[in-house]
There are 2 protein chains.
Amino acid sequence: MERVTQQKLAIAAVLEAAESPLTPPEILTRAAKLVPRLGVATVYRALRSLRKDKKIVVVEIPGEPPRYETATRGHHHHFFCNDCRKVFEVPECPAKLAELAPPEFQVQDHEIILYGKCPDCRTRRNVSAAD
Amino acid sequence: MERVTQQKLAIAAVLEAAESPLTPPEILTRAAKLVPRLGVATVYRALRSLRKDKKIVVVEIPGEPPRYETATRGHHHHFFCNDCRKVFEVPECPAKLAELAPPEFQVQDHEIILYGKCPDCRTRRNVSAAD
DNA sequence: GTTGCTGCAAAAAGTTTGCAGGACG
DNA sequence: CGTCCTGCAAACTTTTTGCAGCAAC
């Protein structure tokens, strides 16, 4: 039913190669190098299709546009740098999160976002302020 | 500088009285009962102003429109019911969250969202399935 | 009496949809 | 070769902005 097209392959490849989650415009720009006449609509349609197949996941940071990343990296969370506004992966995951909710609630999943300064931005600040 | 207007008062009152975070259209509908000729633009402008004053906070659940709630409830997190799509408060907050990130990262804040079934939806399911 | 705030409408920004032609199987 | 997918443009949705009049201080 679902066809394997150059566009979907290109978009999946772009996300696979990405160092961090990408926004639709970023995906369009990068994938257009592989499929020149690529349009926005196709990007959105491909993202929906890939998401339905559980090949990618959405990363939503409050106040930020939705970003997409491959599902091949497994369960993890994200760190958002308040300075450079980049998204980083956080591999750790606390086990007891479900206990946060009152017992009448049935917890099936969770999402954690950490905010702060990434190593680069922290160093930059330290260097200019300290030495 | 910032003026105290009927519109802002009405919107703040609506959020104060709300049982859960509200979307801009919901806020407009409720506040319009207090200030009849209220428009969307004013709601958005008031929300930005109240947010700047730290009187309210945004609650963003992936795939859901932004919601707003009063800041008077202090630090807490949210539970999103996958069935009825309502948002609930979670008072607990794990202390050691900052340790999740690699040590080079400076964690300043965090956000947790739990997903699952709220008591009502869980009961409904249990009743029809079990007894 | 100033000047910021409001309501309305128009504009932006982001995402979806309709349609004719092209690529996949 | 049929039909799903694509590219383009138009439609939608959500949020922002411009402007004349009004209300807060």
Side-chain angles (χ1 to χ4, degrees), chain A residues 1-15 18 20-69 80 85-87, chain B residues 1-15 18 20-69 80 85-87:
Chain A
M1 230 110 289
E2 288 263 305
R3 291 188 181 173
V4 177
T5 65
Q6 293 309 307
Q7 289 82 348
K8 264 185 266 189
L9 288 174
I11 289 167
V14 161
L15 289 178
S20 64
L22 303 179
T23 62
E26 289 169 345
I27 295 166
L28 174 60
T29 305
R30 298 191 188 193
K33 288 173 186 159
L34 306 169
V35 183
R37 310 203 46 68
L38 185 63
V40 228
T42 302
V43 171
Y44 282 103
R45 282 187 281 231
L47 290 175
R48 209 184 319 167
S49 163
L50 291 167
R51 192 170 18 150
K52 185 166 57 58
D53 296 348
K54 304 258 193 275
K55 297 252 181 49
I56 65 173
V57 295
V58 191
V59 178
E60 288 213 47
I61 313 271
E64 288 290 309
R67 291 173 165 91
Y68 296 82
E69 70 179 5
F80 180 73
R85 308 189 84 72
K86 269 177 51 178
V87 177
Chain B
M1 232 107 291
E2 288 261 306
R3 291 185 181 174
V4 177
T5 66
Q6 293 308 308
Q7 289 81 350
K8 263 186 265 189
L9 288 176
I11 289 167
V14 161
L15 290 177
S20 64
L22 302 180
T23 61
E26 289 169 343
I27 296 167
L28 174 61
T29 304
R30 299 191 189 194
K33 289 173 185 160
L34 307 169
V35 183
R37 307 204 50 67
L38 185 63
V40 226
T42 301
V43 171
Y44 281 102
R45 282 188 281 232
L47 289 174
R48 210 185 318 166
S49 163
L50 291 167
R51 193 168 20 150
K52 186 166 56 58
D53 296 348
K54 304 258 193 275
K55 297 254 181 49
I56 64 174
V57 295
V58 192
V59 179
E60 288 215 45
I61 312 273
E64 289 289 309
R67 291 173 166 91
Y68 296 82
E69 71 178 5
F80 181 73
R85 308 189 83 73
K86 269 177 53 178
V87 177

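Naming: A, B, ... by sequence-line order, numbering from 1 per chain.
- Contact annotation for Pro25(B): no contact, since no heavy-atom pair falls under 4.0 Å across all strands.
- Whole-Å rounding puts the Ile27(A) CD1 to dG14(C) P distance at 14 Å.
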Give the intermediate values and the outcome of side chain to side chain contact (heavy atoms under 4.5 Å, CB included) for residues Leu15(A) and Leu47(A).
CA-CA 10 Å; Leu15(A) 289 178; Leu47(A) 290 175; 4.1 Å; yes
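- Closest-nucleotide positions on DNA chain D for Tyr44(B) and Lys8(A) were compared, and the one nearer the 5' end corresponds to Lys8(A).
- Residue Arg45(B) places its side chain closer to dG18(D) than to any other of dG18(D), dC5(D), dT17(C).
- Per the geometry, CG belonging to Leu50(A) stands 12 Å off P belonging to dC5(D), to the nearest Å.
- Of the listed nucleotides (dT6(D), dG7(C), dT16(D)), dT16(D) has the atom at the smallest distance from the side chain of Arg48(B).
- Arg67(A) has its side chain out of reach of Leu22(A): every pair of non-hydrogen atoms, C-beta onward, lies at least 4.5 Å apart.
- Regarding Leu9(A), its CG atom lies at a distance of 13 Å from the C1' atom of dC5(D), rounded to whole Å.
- We find that CZ of Arg67(A) is positioned 12 Å from P of dT15(C), with the value rounded to whole Å.
- For the pair Thr5(A) and dA23(C), the criterion of a side-chain N or O lying under 4.0 Å from OP1 or OP2 is not met.
- Rounded to whole Å, atom C1' of dC5(C) lies 12 Å from atom CG of Leu38(B).
- Per the geometry, CG belonging to Asp53(A) stands 11 Å off P belonging to dC5(D), to the nearest Å.
- Backbone-only engagement by Val4(A) is indicated by non-hydrogen atom pairs under 4.0 Å involving sugar-phosphate atoms exclusively.
- Straight-line distance from the CG atom of Leu28(A) to the C1' atom of dA13(C): 15 Å, rounded to whole Å.
- Between the side chain of Lys55(A) and the backbone N or O of Ser49(A) there is no donor-acceptor pair closer than 3.5 Å.
- Here the CD-CD1 distance, from Glu60(B) to Ile61(A), works out to 10.0 Å after rounding to the nearest 0.5 Å.
- Among dC25(D), dC4(D), dA9(C), the nucleotide with an atom closest to any side-chain atom of Arg3(B) is dC25(D).
- Residue Pro65(A) is out of contact with every strand shown, counting any heavy-atom pair closer than 4.0 Å.
- Taking the side chain as every heavy atom from C-beta outward, Tyr68(B) and Val58(B) approach each other to under 4.5 Å.
- Comparing Gln7(B) and Gln6(A) along DNA chain C, the residue whose closest nucleotide (by nearest heavy atom) sits nearer the 5' end is Gln7(B).
- Protein atom CD of Glu2(B) is 9 Å distant from nucleotide atom C1' of dG4(C), rounded to whole Å.
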